[in-house]
Amino acid sequence: MNAPLPAVDERTMANAIRALAMDAVQAANSGHPGMPMGMADVATVLFNRFLTVDPSAPDWPGRDRFVLSAGHGSMLLYAVHHLLGYDDMGIDQIRAFRQLGSRTAGHPEYGHAKGIEMTTGPLGQGIATAVGMALAERLAHARFPDLAGHRTWVIAGDGCLMEGVSHEAIDLAGHLGLGRLTVLWDDNRITIDGDTDLATSTDQLARFAASGWHVQSCNGHDPAAIAAAITAAGADPRPSLIACRTVIGFGAPNKQGGHDVHGAPLGAAEVAAARDNLGWPHAPFEVPEPVRAAWARIAARGAAARADWQARLDAHPRAEEFRAMIARDPAPLTAAMAAHKAQLLADRPKVATRKASEMALGVVNAALPFTIGGSADLTGSNLTRSRGQASVTAADFSGSYVHYGVREHGMAAAMNGIALHGMFRPYGGTFLAFADYCRPAIRLAALMGVPTVFVMTHDSIGLGEDGPTHQPVEILASLRAFPNLTVLRPADAVETAEAWEIAMATTDRPVLMALSRQNLPTLRDVADDNLTARGAYLLRGGADRDVTLIATGSEVEIAMAAAALLEEQGIRAAVISAPAFDLFAAQSPDYRAAVLGEAPRVGVEAAIRQGWDTLLRHTDGFVGMTGFGASAPAPDLYRHFGITAENVAATAKSLI
């Protein structure tokens, strides 16, 4: 028989993280060794004693979620995954840290390697997104108490807690009592510029306590103290913050504790000195078998937990219902939405597209049990709540509507967390002018390919009297600039219904809807096919035309009226509705050419022209905004800025 491997203590297990981190950063000549070395003890205790994952099944629904909010310390996560035995995180990937084509990117990237729960790097987004994951766990537990009940763990740094989004996130988590969320704060009191007292004197424990959190502090290099704090956190019904007092770059004898170790290689001499100081005599990238075996036992414990969970699922009377929730299949929506569109064609309502969205959501939420709605304190304006949709509260998570409060930053990040969790499809609303508050989370959703749905109402100068602060003349252009984000600006109730079909069928990117405050007529005559999914289509006219009018949203009505004026003058005008520029760009060249034609074109949108290059040539015209709006009733504003049928017709005539 082989002799048993010698026992390995947690400090030695942690030193494996430190060694891999400093070796990888040194080899890359780039990276952040300070945090991985400082938090290695905390991470080791967390994974060794508390956190449950199975590297052989990294996506099983019952796993704990771990978010490295301090994403610059990515080598901590990569080292842990390598030591746990994730099959895509071999030593070759550690050696290739930050190199082209490797899974070990400079910051953890969702989808690039197994077990990475989200893309982190923009500080504060990790902790805020983790709040959404913890909320999703409570929502899942309320529906399947025997199958859902994982914990959400976060390692955050000083920068994460300084970012404003952290306040929104911790406030929401405390209010909802998300007791299975634990944040381990790397309290090393160092940022890039130097000691944290250069820029902050906030008592973070008091701040979290004021938001309803359980708070503690511990020595982040004492395994017994770390374990005691995590145990106490798990026993408290509130979300927990543990301030882990650490030394940045722990183990590097000449550099630890200073800001220089934060984001630069230690240097060959200091790496050698750290090896001596830590009692780690092994060659670079070498981990002795007893240490690997100690980490493998963590993976084995996770595999046993997964097998037990799988057996419970297989024997559960609602197993198929659970699997259906995880699948998030939009197919049940097809027939219901077809009936809804047929009714719209019969009734031809004149409603704002925000109201049309509310009507469509009634169909969506009735057909799909996995939707979770919400609004940033604008429910009555965004119209994101369906009839009978119950509120989510700290006392009852069985509802499907979240009151996010005036927290657009936090709402957008939390929705990403709900989507990443894997059981629900979240949507949430605010005004389009406030999309910039949501921008970091929208960007991460696009980067990760996560199908979060952002509902943005009051989408133009058409909101009227609230004035230029609320009139988003430039926001559409900035949102259309995002890769992998579908921006939908529907023109009527039919296009809005189709927009929701698109949103629920989309799985590889976020979708954002820009919806009107003012009433708009039903323009479509047919709804057999989802024409909105083509991005742009001929609403009026055909191949024989003298001019092409292209419009989006509320301005399609104006383009149609302009075409009628031109027809009275013997000018053939085709009208294109273009609700989604990116979807149109994805169509075949033949389709795009047939829709656009060769005649002169006029774009019409109550926004700036930037971003219209997919549809307009430099010789084509544009009727829209060139500056900010004003405060007045919407009809007066459209006349004041010349966004009228008469001006569109005149612009068209000038091009012919």
Side-chain angles (χ1 to χ4, degrees), residues 51-66 86-87 110-111 114-118 129 132-152 180 299 302-337 361 363-373 386 389-390 392 396-402 415-427 445 448-453 500-511:
L51 194 147
T52 302
V53 291
D54 178 7
S56 69
D59 296 330
W60 69 285
R63 71 191 183 281
D64 283 356
R65 271 53 168 190
F66 173 70
Y86 281 83
D87 63 12
Y110 175 76
K114 296 176 182 178
I116 297 175
E117 299 288 358
M118 69 167 293
T129 304
M133 294 179 183
L135 172 55
E137 182 277 328
R138 289 290 82 192
L139 295 169
H141 180 76
R143 288 152 177 78
F144 300 96
D146 300 332
L147 297 172
H150 69 78
R151 291 190 172 274
T152 303
R180 299 181 73 81
R306 182 185 61 83
D308 175 71
W309 181 89
Q310 188 65 50
R312 285 187 285 118
L313 173 63
D314 292 342
H316 201 279
R318 298 173 61 205
E320 291 310 309
E321 184 183 350
F322 182 88
R323 292 188 177 100
M325 286 285 286
I326 293 294
R328 295 179 289 186
D329 184 0
L333 181 61
T334 303
M337 195 59 84
L361 269 172
V363 180
V364 170
N365 289 331
L368 305 178
F370 48 78
T371 54
I372 300 294
S386 300
Q389 201 171 9
V392 172
D396 185 359
F397 288 92
S398 64
S400 61
Y401 194 82
V402 182
M415 288 197 298
N416 283 347
I418 294 171
L420 286 162
H421 175 269
M423 182 171 278
F424 303 101
R425 288 293 306 274
Y427 67 87
M448 292 186 287
V450 174
T452 309
V453 181
W500 276 106
E501 285 186 295
I502 293 166
M504 290 298 102
T506 299
T507 60
D508 63 348
R509 68 191 62 201
V511 172

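These figures come from a predicted structure and were not determined experimentally.
Between the side chain of Arg63 and the backbone N or O of His150 there is no donor-acceptor pair closer than 3.5 Å. Between the His141 side chain and the Ala148 main chain, a donor and an acceptor come within less than 3.5 Å of each other. In this structure, Gln389 contributes its side chain and Ser400 its backbone to a donor-acceptor pair below 3.5 Å. Here the side chain of Arg143 pairs a donor or acceptor atom with the backbone of Phe397 at under 3.5 angstrom. Looking at Arg425, its side chain does come within 3.5 Å of a backbone N or O of Met504 through a donor-acceptor pair. Of the possible polar contacts, none joining the Asn416 side chain to the Thr129 backbone as a donor-acceptor pair under 3.5 Å is found. Within the 3.5 Å criterion, the main-chain N or O of Leu361 finds no donor-acceptor partner in the side chain of Trp500.
Residue Leu139 comes nearest to Gly399 through the heavy atom pair CD2-O, 3.9 Å, listed as atom of the first residue, atom of the second, then distance. Of all the heavy atoms in Phe66 and Leu51, the pair that sits closest is CB-CD1, 3.8 Å. Shortest non-hydrogen contact noted between Ala505 and Pro330 is CA-CG, 4.0 Å. Pairing each heavy atom of Ala445 with each of Thr452, the nearest pair is CB-OG1, 4.4 Å. Shortest non-hydrogen contact noted between Gly115 and Pro58 is N-CB, 4.0 Å.
Side-chain atoms of Asp64 and Thr152, non-hydrogen and from C-beta on, never get closer than 4.5 Å to each other. Taking 4.5 Å as the limit, every side-chain heavy atom of Leu368 sits out of range of all side-chain heavy atoms of Phe424. Considering only heavy atoms from C-beta on, Val392 comes within 4.5 Å of Leu135 through its side chain. Residues Val450 and Arg509 are not in side-chain contact: their nearest non-hydrogen atoms beyond the backbone lie 4.5 Å or more apart.
Atoms CE and CD, on Met325 and Glu321 in that order, are 7.5 Å from each other to the nearest 0.5 Å. One finds the CE atom of Met133 at 16.0 Å from the CZ atom of Arg180 (value rounded to the nearest 0.5 Å). Atoms CE and CD1, on Met423 and Ile418 in that order, are 13.0 Å from each other to the nearest 0.5 Å. Distance check, rounded to the nearest 0.5 Å: CZ of Arg328 to CD1 of Ile326 gives 7.5 Å. Taken to the nearest 0.5 Å, the CG atom of Leu313 stands 11.5 Å off from the CG atom of Asp308.
Residues satisfying the side-chain hydrogen bond (donor to acceptor under 3.5 Å, both in side chains) test with Asp54, not counting sequence neighbours, are Ser56, Arg306.
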**Request:** Determine, stepwise, if the pair Tyr427 / Asn365 fulfils side-chain hydrogen bond (donor to acceptor under 3.5 Å, both in side chains).
**Result:** CA-CA 11 Å; Tyr427 67 87; Asn365 289 331; 3.1 Å; yes

**Request:** Go through the steps to decide whether Asp314 and Arg323 satisfy the test salt bridge (charged side-chain N to carboxylate O under 4.0 Å, His left out), and finish with yes or no.
**Result:** CA-CA 10 Å; Asp314 292 342; Arg323 292 188 177 100; 2.8 Å; yes

**Request:** Kindly indicate, with the supporting measurements, whether the criterion salt bridge (charged side-chain N to carboxylate O under 4.0 Å, His left out) is fulfilled by Arg312 and Asp146.
**Result:** CA-CA 8 Å; Arg312 285 187 285 118; Asp146 300 332; over 6 Å; no

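Between Phe144 and Phe322, the ring center distance clears the sub-6.0 Å criterion.
Screening Val364, Val453, Leu333 against Thr371 for a side chain to side chain contact (heavy atoms under 4.5 Å, CB included) leaves a single residue, Val364.
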